[in-house]
Every structure is written in structure tokens, then in C-alpha cells.
Amino acid sequence: LSYYEQNEPRGEYVLVLQGKSFEEIAEEEKKNWESMTLEEHMQVYESQGIARKEAMKLVAKDRGISKRDVYQEVKMKKIPMILLAMFTLSGCDRQEMIYSFNHVEEASVDNEVENTESVDNIQAETEQAVDITTEEPEISDVYSGPTVTLAMVGDVLLHTPVEESCQAEDGSYDFSSLFANVKDEVQAADIAIVNQEVIIGGEELGADALAETGFDVILHGTNHAMDQGKKGITNCLSNWEKKYPDIKILGINKSQDAQDTITVLEQNGIKIAVLNYTYGLNGIAPSDMPYAVNLLDEEKVKADIASAKEQSDFVIVCPHWGTEYSLQPDSMQKKWTKIFAESGADLVLGTHPHVIEPIEWVEDETTGHQMLVYYSLGNFVNWTSSSGDGIANRMVGGMAEITVGFDEAGKGFIVDYGVNALVTQVEPGHNGVTTYFLKDYTDEMAGKNAIMEQDANFSREYCTKLCTDIWGDLWE
């Protein structure tokens, strides 16, 4: 055992010790899983110290189902520890063999410009250029093929009171409280995306909390990307690369080659390309680093989408765009929606307005290609210093939830979609800022939200009405 452990891949010494073929082990493994509930299956991996999100992936892979299916069953249930102890003691050798085999299989899978156009000038050409339709394409109720579940949330804004709420008496920071109440849903997604509004450079600025919450993709292509200059971008990228090399950082780049590289994530055999751009940089031009930030440049965007389509099955564009605090998309957003649709993008997930905006299907009249657009997901975390009517709108955000599969032609398509409403709770004191799902939010919580001092209109009922007004019956 010692020899094989030191000199051979784990799967190899398991085969030697068991005297069985991969096919025999796979068949035994399948029968073993079928005799267990999903909760028990999850606990097998978690008892070995495997992180919850990775455990969900392994269970979904073992069962041939989506990670969201696993999450839906296990999120409200716990296995009695006596049952876990019985399983561990009665099958510890088998447990180790299963874990080893899965990791061999997992490893093999793993290897396989700033827009300055006038809004008025854009309006006329846009209104006739794109068909914004409320007619949705048929969404399959009986799809049984491979899927990838996507989740994305909006802007993380580290306003001063947000930062202060996460600082302990000894001066250290722990930002995990911001995401604690939505963490399970983030981890349940195969691919989870967040828009990090400002540049972050280390543990004290929240990188660890985002990683530990389970985000797979961090969007840094925002109008604040150059706020800390060239050093801010290079430090930010260096920190992510050093501490969390598996997390994809989009929107900012350390070289021209990096900017020209399309990020493609593969899950369950489906390749998903993700692109991130911003409308501008608050007037700061990175002259000595023209590649530093991805800007909404039409020629570049079209070329990127074309390249992404060649390398993937499904293309997502995440633009930082629109008019701040507007509950409806502006003409600049409509113009870029047309460009994205004509270029063949499949899904648009927008940020920047700091309030939620509608979700619509868009069809390119020439090709008939349909694209789903979430114009703005609003804020994920914030505590604005502003006061007055409309401030309550900034406390509401959305978690976009999309399931992608293969159509009959083998192309990526949207199997299902929706949005889970979010609300930021802000209270004075340590860990006083956090985000809840609106479905879990109560009148009592709303009554304690300090934002009422800045906008007396805020209430749970207000948040609910806002979501219905903007999203109709799409939201949960």
C-alpha cells in the first residue's frame, strides 16, 4: 500500500488492491449509490473533508443528475450522525475506494473601449434594429440530457459601513457574513458568477469570502476597474492567481494575450464561454496598458463572440452598462443588446444600474436567433450613503438562475430560467450587513433595516411589489 500510494495514481493502487477492473468498480459503485439517499451520498464526501460545493459536484456526477437536483433535496435535511457513523464503520474500505476512483475520473475530465456615443444618437437606430419580444421560446419540460446550472448576482459594493461591519475589534476583517444567508444556493450552481464592483487586493478586502462562498467567476470589468490605477489591477490579478488559481477573473487583464483569451468553463460535457465588458472607466484611460480592462468596443466584442462560439456550446456576455438607478434599460443598452444578439450570444447578464431591470427575450430578425437578457441584477451587497425616495430600490437585487442543455442539433440552449429576489439587510454593529432571499425575509427584519432612516418607503411589501413590477411572475 505504501509503495503504490507514493508511486502510482490513487486509482491504480485501488485497482491493484481490489483486483478489479474499472468497469467492475463502476458497476459496484453505481449499485452502492443507488442504495443511498442523496443526503447520505453527500455526507460520504463531506465526512472526508471535501468542501460542500465539490461534494455536490461529485454526487451529481455519480448519479448522472444536476448539482441543483442534489441541492434541492439536501438543503433542508441533515443525516443523523449515528447513521453516518454506521455507514463509515461498515464500509470504510469501500468508501476510500469510491473516493479514489471518482477523483481519477474527475481529473481526466478536467484535462480534457469606452462608449462615448450620445444616448440620443443611438435611440433612433436601436428602436428599429432589435425585436424585443415577450414571446418566449419553448422551454422543455421533459429535457433529460446533460445540464449546467448557472447563477449570477449583481454588484458587490464595499461602501464604508459595509467594510466597517466586517471588521473585528482586533482590526481583522471577515466578510463571510455578507453572503452567509445565500451561500448554499451559490454553491449549488455548477457555475456561480458575481460582479465585484471595485478592485480588491487581499484578504482584508473580501477575496477570501467570495471564494469561500463558492463563486467560480469574478467579474471585474466595471467603471471602477482603474480607480486604483495600474497597480490596483496587477495586485488584484496577482492575489487571485496566487490564492485561488481555479477561480476565473474576467474584465481585467495583465497582458494582451490574456485579453485575447476567451474564458470557457466546461461542466457535464457542456462548454460555457463567459465575456465581461464595461461601458467606461470614469474618465481614467490606461494609456500604458490598453489591454488592462475590457471595454465595450464593437469590433472587439463581435470578434470575441465569434471566437467564443467556435470554442464553446453557449455564450454568455456580462456587460457593465446602463443608467444608474433607472428601473428600465436605456437606449445604449438596447443598442448593445442588438449587437450581442446579431453576433450570436445566447445570454446577457447585466450590471451597473444598482437597481433591478426587466428580463426579456430578444430575437434577431435576420437569423431568428433568440437571446435571453437580464438587463440589470441590481445590487448584491451595499449600504449607500444617499437618502430620499428611490433609495429602497437599491436594496433589492436578483440572483439569475439558468439551466443550459443541448438541443437536438447539439447546440447549447436554455432549458429553464428565472430569478431569485434578494434584499440587503443593514444594521449598525459587527456583522450587521448581510443579504437574504426575499422569500425568507420578514416584516420584522424589514422593521430593523437601517435603510428606513434613508428612505421611509422601505418595507418587505415595497420590495415585493418592486420585483413584481419589474419581473412579473418570473421571480421567486
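These values consider heavy atoms only, across backbone and side chains, with no hydrogens, waters or symmetry-generated copies.
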- Please lay out, stage by stage, how Glu357 and Trp471 fare under the test side chain to side chain contact (heavy atoms under 4.5 Å, CB included). CA-CA 8 Å; Glu357 292 183 346; Trp471 292 328; over 6 Å; no

[Y] and [X] side chains, donor-acceptor separation under 3.5 Å:
X	Y	answer
Tyr143	Asp407	no
Gln425	Glu427	yes
Ser177	Asn431	yes
Asn449	Tyr441	yes
Asn276	Asn294	no
Thr337	Gln333	no
Tyr462	Asp455	no
Asn457	Asp389	yes
Tyr173	Glu163	yes

Taking [Y]'s backbone N and O only, do any of them form a donor-acceptor pair with [X]'s side chain (distance below 3.5 Å, no angle check)?
X	Y	value
Asp330	Thr323	yes
Asn268	Pro146	no
Asn253	Ser255	no
His354	His352	yes
Thr442	Met445	yes
Ser376	Val355	yes
His159	Trp383	yes
Thr222	Glu197	yes
Asp313	Lys411	no
Thr464	Arg460	yes

Shortest non-hydrogen contact from [X] toward [Y]:
X	Y	result
Thr384	Gln454	O-NE2, 2.7 Å
Ala189	Leu150	CB-C, 4.4 Å
Ile199	Cys236	CG2-CB, 3.7 Å
Pro353	Gly322	CG-CA, 4.4 Å
Cys467	Val396	SG-CG1, 3.7 Å
Thr147	Thr403	CB-CG2, 3.7 Å

- Task: Report the C-alpha separation of Met395 and Asn379 in whole Å, then their side-chain angles, then the decisive distance to 0.1 Å, and conclude whether the side chain to side chain contact (heavy atoms under 4.5 Å, CB included) test is met.
- Result: CA-CA 7 Å; Met395 310 312 288; Asn379 290 330; over 6 Å; no

Rounded at 0.5 Å granularity, tell me how far [atom1] in [X] sits from [atom2] in [Y].
X	Y	atom1	atom2	result
Ile402	Asp190	CD1	CG	12.0 Å
Thr278	Trp321	OG1	CH2	12.0 Å
Leu237	His220	CG	NE2	7.5 Å
His430	Ser165	NE2	OG	8.0 Å
Ile252	Ile233	CD1	CD1	5.5 Å
Thr149	Glu401	OG1	CD	9.0 Å

Give a yes or no on whether [X] atom [atom1] has more than 12 heavy-atom contacts from other residues, nucleotides or ligands under 6.0 Å away.
X	atom1	answer
Lys300	NZ	yes
Glu453	CD	no
Gln228	CD	no
Gln167	CD	yes

- Task: Just do the salt bridge (Lys or Arg N to Asp or Glu O under 4.0 Å) check on Lys465 and Glu461 with the steps written out, would you?
- Result: CA-CA 6 Å; Lys465 184 178 185 302; Glu461 182 180 3; over 6 Å; no

- Query: Is any side-chain heavy atom of Leu158 less than 4.5 Å from a side-chain heavy atom of Ile200?
  - Reply: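 Touching, per the 4.5 Å side-chain cut-off.
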
- Residue pair Leu250 / Leu275, side-chain heavy-atom distance below 4.5 Å: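 Not touching, per the 4.5 Å side-chain cut-off.
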
- Begin with the C-alpha distance, continue with both residues' side-chain angles, and end with the deciding distance and a verdict on side chain to side chain contact (heavy atoms under 4.5 Å, CB included) for Val162 and Leu157. CA-CA 8 Å; Val162 175; Leu157 293 165; over 6 Å; no

- Message: Please evaluate residues Val301 and Phe340 with respect to the criterion side chain to side chain contact (heavy atoms under 4.5 Å, CB included), reporting the C-alpha separation (whole Å), side-chain torsions for both, the decisive distance (0.1 Å), and the verdict.
- Response: CA-CA 8 Å; Val301 168; Phe340 299 149; 3.7 Å; yes

- Task: Return each pair, listed once, that meets salt bridge (Lys or Arg N to Asp or Glu O under 4.0 Å) where at least one residue sits in residues 218-241; pairs must be two or more places apart or across chains.
- Result: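 Qualifying pairs, neighbours excluded: Lys230-Asp288, Glu241-Lys254.
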
- Query: Has Lys439 got its NZ or CZ under 6.0 Å from the middle of the six-membered ring of Phe437, at an angle within 45 degrees of the ring axis?
  - Reply: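 Here Lys439 passes the 6.0 Å and 45° test against Phe437.
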
- Item | Worked check of ring-ring contact (aromatic ring centres under 6.0 Å, His included) between Trp361 and Tyr417 | CA-CA 11 Å; Trp361 282 96; Tyr417 72 101; 5.6 Å; yes

- Apply the test salt bridge (Lys or Arg N to Asp or Glu O under 4.0 Å) to residues Asp304 and Lys309: give CA-CA distance (whole Å), side-chain angles for both, the deciding distance (0.1 Å), then the verdict. CA-CA 9 Å; Asp304 284 349; Lys309 286 171 64 66; over 6 Å; no

- Using the ring of each side chain (for Trp, its six-membered ring), is His320 parallel, tilted or perpendicular to Tyr279, with breaks at 30° and 60°?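 Parallel: the ring planes of His320 and Tyr279 meet at under 30°.
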
- Message: Over 60° means perpendicular and under 30° means parallel, so tell me whether Phe380 and Phe215 are parallel, tilted or perpendicular.
- Response: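 Taking Phe215 first and then Phe380, their aromatic rings stand perpendicular (interplane angle over 60°).
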
- Report the residue from Ile470, Asn420, Leu438 that forms a side-chain contact (heavy atoms from CB on, under 4.5 Å) with Trp475.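 Single side-chain contact (heavy atoms from CB on, under 4.5 Å) partner of Trp475 among Ile470, Asn420, Leu438: Leu438.
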
